[in-house]
Trainee: 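Following this message is one structure expressed as structure tokens.
These numbers were taken from a predicted model, which means no experiment stands behind them.
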Amino acid sequence: MIDRKWSVVDRPRSRAQILRQSEALAEHRSIGTWEVPTPVQKTKALKLLKQMNITNIHVKVVKP
């Protein structure tokens, strides 16, 4: 599953969405991928996922 994002934000609604994505992926035994536009956004995403202990979502940089 691929989710293309313009930016990564750390807000309560965003955290809830991330948890829902992770739970859905876990139910289907899948790995998700977030595609972000810059290395800065990748760093923010990886930091957020690490804080939330989510390991089934990967992040990569792609051109918008």
Side-chain angles (χ1 to χ4, degrees):
M1 305 306 279
I2 297 174
D3 185 8
R4 185 165 282 189
K5 298 185 174 297
W6 284 105
S7 65
V8 177
V9 293
D10 185 7
R11 295 190 179 129
R13 282 187 174 179
S14 300
R15 285 179 169 262
Q17 179 185 12
I18 294 167
L19 284 175
R20 287 192 302 271
Q21 284 181 353
S22 178
E23 289 171 0
L25 289 167
E27 283 179 18
H28 298 287
R29 294 187 179 119
S30 299
I31 299 291
T33 302
W34 285 1
E35 293 181 345
V36 294
T38 64
V40 173
Q41 292 299 318
K42 180 178 179 179
T43 304
K44 287 174 67 173
L46 290 172
K47 182 179 176 183
L48 180 59
L49 292 171
K50 186 174 181 179
Q51 285 177 350
M52 297 179 69
N53 294 325
I54 294 176
T55 59
N56 59 352
I57 298 176
H58 298 177
V59 182
K60 72 178 187 177
V61 177
V62 295
K63 285 191 173 185

Trainee: Could you give the distance from NZ (K47) to CG (D10), rounded to the nearest 0.5 Å?
Mentor: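 Here the interatomic distance stands at 8.5 Å.
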
Trainee: Looking at R4 and E35, what are the two nearest heavy atoms and their distance?
Mentor: NH2-OE1, 2.6 Å

Trainee: When you look at CE of M52, are more than 12 heavy atoms from neighbouring residues, nucleotides or ligands closer to it than 6.0 Å?
Mentor: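 It does: M52 CE has more than 12 such atoms within range.
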
Trainee: So which heavy atom on V8 is nearest to which on Q41, and how close?
Mentor: N-OE1, 2.7 Å

Trainee: Once you round to the nearest 0.5 Å, how far does CD of Q17 lie from CG of D3?
Mentor: 6.5 Å

Trainee: Quick one: do L19 and L46 end up in the same hydrophobic cluster if we chain Ile, Leu, Val, Met, Phe, Trp and Tyr together by side-chain heavy atoms under 4.5 Å apart?
Mentor: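 Yes, one cluster joins them.
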
Trainee: According to a 4.5 Å side-chain heavy-atom criterion applied to Ile, Leu, Val, Met, Phe, Trp and Tyr, with indirect links allowed, do V40 and L49 form part of one hydrophobic cluster?
Mentor: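 Result: no, two separate clusters.
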
Trainee: Identify the heavy atoms of V9 and S14 that sit nearest to each other, and give their distance.
Mentor: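 Looks like CG2-OG, 3.1 Å.
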
Trainee: Could you report the tightest heavy-atom contact between P37 and W6, atom names first, then the distance?
Mentor: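 Heavy atoms of P37 and W6 come nearest at CG-O, 3.4 Å.
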
Trainee: How about NZ on K60, more than 12 heavy atoms from neighbouring residues, nucleotides or ligands closer than 6.0 Å, or not?
Mentor: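 Counting neighbours around NZ of K60, 12 or fewer heavy atoms of other residues, nucleotides or ligands fall under 6.0 Å, so no.
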
Trainee: Quick check for you: to the nearest 0.5 Å, what is the distance between T55 atom OG1 and I31 atom CD1?
Mentor: 7.0 Å

Trainee: If we only count heavy atoms from C-beta on, is the Q21 to I54 side-chain gap below 4.5 Å?
Mentor: no

Trainee: Nearest 0.5 angstrom please: R11 CZ to I18 CD1, how far?
Mentor: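 Rounded to the nearest 0.5 Å, the CZ-CD1 separation comes to 12.0 Å.
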
Trainee: With the 4.5 Å side-chain cut-off for hydrophobic clustering, are V61 and V59 part of the same group?
Mentor: yes

Trainee: Rounded to the nearest 0.5 Å, what separates atom NZ in K5 from atom NZ in K42?
Mentor: 16.0 Å

